[in-house]
Amino acid sequence: MTKGLLRVLCVEDNLDDADLLKAHLERKDFDVHLHRVETEGEFVESLSSSLWDVILADFSLPQFSAARALEILRGAGNDLPFIVVSGTIGEERAIQMMKAGANDFVLKGDYKRLIPAINRELSEADNRRARREAERALARSEVSFRQLADSMPLLVWTLDKNGSMLFANARSFSYSGLSESEMFRRGWTAIFASPQTPSAIAALDESLRAGVEFSAEHLLKNKDGEARWFLTRMTPTLDSRHQVERWYATSTDIHEQKLAAEELRTAKIAAEQANEAKSQFLANMSHEIRTPLGAILGFADLMADPNQSLGDRLDCVATIRRNGQLLSKVINEILDISKVESDRFEIERVDFNPRELIADVSTLLGLSAQEKGLKLTVVCDESVPLIITSDPTRLRQILLNIVGNAIKFTEKGEISLSASAQNQGPRKTELSIAVQDTGMGLSPEQQARLFQAFVQGDASMTRKHGGTGLGLALSRKLAQALGGNVELVDSEVGKGSRFVCRLLADCPTTTDNAVSVDEIHGPRSVNKEPRVLEGKRLLLIEDAPDNRVLISRYLSRAGANVDTEENGLSGSDRAMKESYDVILMDIQMPVMDGFTAIKRLRDSGYSKPVVALTAHAMTGYRELCLKNGFTEHLSKPIHRSALIELISKF
């Protein structure tokens, strides 16, 4: 189409959106006359009083809709190009609009398809008008028809009453690569492409037999062997006896529209699957978080009962501590998987004894196995070095996940853990740890989704056994970060599963078998003197009353003199008026947050240590705190020993 005056009737209630449409069209060198309407009355009046090139319609307006506008337009027999431009239309509604007679649809904010769509539909409108003129002219001149058909961008055919080829336009020959003799001998169906051929030809045969219009979407092969989607319409003309005299057919290339529709369908399926996964994950998380939280709150209420004995209260404390640790594990798994997936995960490289680590895991989980009546065995091959360099914390986390799962999903029998190593070159070894159980096993379908985050074997597992569905996904990512992998080697329903964890580790140059545990890990921590903070004056700025009480007691019992404030404003005021050895400050607080308060202190020349206390445990948050002026950073929940050790350094 030659760019010039473009007369647009715009069904749109948002003036800004209408202006954006007009501006986009004008940037493409159109001289745009755009008239905006937003009610049915305005639409009908504008349609009857002016000539328009194209209608651009929002799908849903407060008083009107694109569907109603299309109904009015097509009901009047008007085939003016009608394009839906909307941000709310989905695939199903888009298909309904196209079936109702809309020519195309374009998403708001994604106007790269708008100009091609307008050009195409204006061209199509011209073609439709040309076809009507051609049909009128055909009665007067066959030559005029041929010239017109040859000039059209469509594939055009005429057939006799039995479906034999009478005419094909130049576009048909150029597209198919067939000569005139081949086309007339074989027929235009020779370029139909499988697998649509049988159904399309069957529908065509039925139309020829019944003498009714034929319309179908199908694939046609071009001269290069490429198959493209076309919409073919075939209409009969009748003689004076109302018998079929001739058929006129056109095939329109709709390949791009079909691909767009398929992309929409695929995106819809992906969105539904993502939404289902999200719903399952949220339900899982709700269960996994609320279960220990309920136990913590319930046993805290029991402790408040004055009739409780000391023994009962100690049992309550143990239960609260156990469920608190479980809740912390759930949260840590969520945080760990997010760190790994965002590539912000840090790996430690230290020397440690893998045999000792495996024994520790066995000891930690042995009681759980024993409580279920399961036998847990550990075999460490002589090939396993006494010292390797890797990340012991992450390896321990992997083994706790895999062995813990084996215990969880095994009702009777045993779990065996076997370790071996294979030399991989100078000072390199591949450590291989296999975990075999006699549990419920996994079906092929369950195995296929086993290492997906937030996914468990099936819903019954979730209800019976619990868990976040993150353990194996996280274990695999951790193992891959350590130069290895976690794999399901074998599994059979009702007989059990075998997992193998492999990692590539360095071997130190000196691997004396007599090396002591202290040489590997450093000296064992010893209990500090109970009042190691004697004489220190501290200011705690924390808005949560329970945290103020808890942290104050930790510090007071270590000998410190502790003052408290509940927001950054009052806390920074007090810090500048009084003398403190260390300030401990929460980040998220009312009135004034921690970042604003530390800036206020540093800008005023305050130079003493200020430690950030925050529930944010994501990688990089400590660096953010230090960058903003804090001296150090501690993540909540605050551990007493870590807190006292940090304060004692200042």
**Prompt:** Closest approach of Lys536 and Asp581, non-hydrogen atoms and distance?
**Reply:** CA-OD2, 3.3 Å
**Lys428 vs Asp506, salt bridge (Lys or Arg N to Asp or Glu O under 4.0 Å): CA-CA, chis, key distance, verdict** = CA-CA 5 Å; Lys428 290 283 186 181; Asp506 294 329; 2.6 Å; yes
**Item:** Within 6.0 angstrom of Arg602 CZ, more than 12 heavy atoms from elsewhere
**Value:** yes
**Item:** Separation of Leu538 CG from Ile583 CD1 (nearest 0.5 Å)
**Value:** 10.0 Å
**Prompt:** Is any side-chain heavy atom of Val591 closer than 4.5 Å to a side-chain heavy atom of Ser570?
**Reply:** no
**Fill in**
Here the gap from Phe499 atom CZ to Ile398 atom CD1, rounded to the nearest 0.5 Å, amounts to 13.5 Å
**Atom pair CG/CD1 of Asp381 and Ile433 - distance to nearest 0.5 Å** = 12.0 Å
**side chain to side chain contact (heavy atoms under 4.5 Å, CB included) evaluation trace for Ile587 with Asp593** = CA-CA 6 Å; Ile587 296 296; Asp593 64 79; 5.5 Å; no
**Item:** Any side-chain donor near an acceptor of the partner, Thr363 and Asp360, under 3.5 Å
**Value:** no
**Message:** Tell me whether Ser572 contacts the main-chain N or O of Leu569 through its side chain, where contact means a donor paired with an acceptor under 3.5 Å.
**Reply:** yes
**Message:** I'd like to know if Lys495 and Asp437 make a salt bridge, using a cut-off of under 4.0 Å between side-chain N and carboxylate O.
**Reply:** no
**Prompt:** Take atom NZ in Lys608; do more than 12 heavy atoms of anything else shown fall under 6.0 Å from it?
**Reply:** yes
**Exceeds 12 heavy-atom contacts within 6.0 angstrom, atom CZ of Arg537** = yes
**Request:** Keeping the roles fixed (side chain from Gln446, backbone from Ser443), state whether a donor-acceptor pair exists under 3.5 Å.
**Result:** yes
**Minimum side-chain heavy-atom gap Ser362-Leu376 below 4.5 Å** = yes
**Message:** Within the structure provided, determine whether Asn401 and Leu472 are in side-chain contact (heavy-atom separation under 4.5 Å).
**Reply:** no
**Asked** What distance separates Leu601 CG from Thr596 OG1, expressed to the nearest 0.5 Å?
**Response** 11.0 Å
**Request:** In sequence, state the C-alpha distance, the side-chain angles, and the governing distance for Cys501 and Ile402, and then conclude on side chain to side chain contact (heavy atoms under 4.5 Å, CB included).
**Result:** CA-CA 9 Å; Cys501 167; Ile402 298 175; 4.2 Å; yes
**Request:** Tell me, yes or no, whether the heavy-atom count around Glu414 atom CD, taken from other residues, nucleotides or ligands under 6.0 Å, exceeds 12.
**Result:** yes
**Complete:** Closest non-hydrogen contact found for Ile541 with Gly571 is CD1-CA, 3.6 Å
**Request:** Kindly compute the distance separating CG (Leu646) from CG (Leu584), expressed to the nearest 0.5 Å.
**Result:** 8.0 Å
**Request:** Give a yes or no on whether Gln370 atom CD has more than 12 heavy-atom contacts from other residues, nucleotides or ligands under 6.0 Å away.
**Result:** no
**Complete:** Residues Pro385 and Thr429: closest non-hydrogen pair is CG-CG2, 4.2 Å
**Prompt:** Closest heavy-atom contact between Pro590 and Asn567?
**Reply:** O-CB, 3.2 Å
**Prompt:** Of the non-hydrogen atoms in Gln447 and Ser491, which two are nearest, and what is the gap between them?
**Reply:** NE2-O, 3.6 Å
**Prompt:** How close do Cys316 and Gln308 get, heavy atom to heavy atom, and via which atoms?
**Reply:** SG-OE1, 4.3 Å
**Prompt:** Counting distance only, does the side-chain N/O of Glu91 pair as donor-acceptor with the main-chain N or O of Arg265 below 3.5 Å?
**Reply:** yes
**Prompt:** Should Thr389 and Phe352 be marked as a side chain to side chain contact (heavy atoms under 4.5 Å, CB included) after you check the CA-CA gap, both sets of side-chain angles, and the distance that decides it?
**Reply:** CA-CA 7 Å; Thr389 304; Phe352 67 97; over 6 Å; no
**Message:** Other residues, nucleotides and ligands only: do more than 12 of their heavy atoms fall within 6.0 Å of CD on Glu578?
**Reply:** yes
**Asked** Are Glu566 and Arg548 side-chain neighbours, meaning at least one heavy-atom pair lies under 4.5 Å?
**Response** yes
**Prompt:** Does one side chain, of Ser309 or Asp312, offer a donor that lies under 3.5 Å from an acceptor on the other?
**Reply:** yes
**Asked** Heavy atoms, side chains only, cut-off 4.5 Å: are Ile415 and Thr410 in contact?
**Response** yes
**Request:** Check step by step if side chain to side chain contact (heavy atoms under 4.5 Å, CB included) holds for Arg600 and Met592.
**Result:** CA-CA 10 Å; Arg600 185 173 183 233; Met592 181 181 288; 4.1 Å; yes
**Prompt:** Do Leu395 and Leu431 have side chains that get closer than 4.5 Å, going by heavy atoms?
**Reply:** yes
**Prompt:** Is a salt bridge present between Arg574 and Glu565, judged by a nitrogen-to-oxygen distance below 4.0 Å?
**Reply:** yes
**Any residue meeting side chain to side chain donor-acceptor pair (under 3.5 Å) with Glu487, in chain and number order, not counting sequence neighbours** = Arg502
**Item:** Between CD on residue Glu430 and CG on residue Asn423, distance to nearest 0.5 Å
**Value:** 11.0 Å
**Close side-chain approach of Val500 to Val486, heavy-atom, < 4.5 Å** = no
**Asked** Gln480 versus Asn485: any side-chain heavy-atom pair under 4.5 Å?
**Response** yes
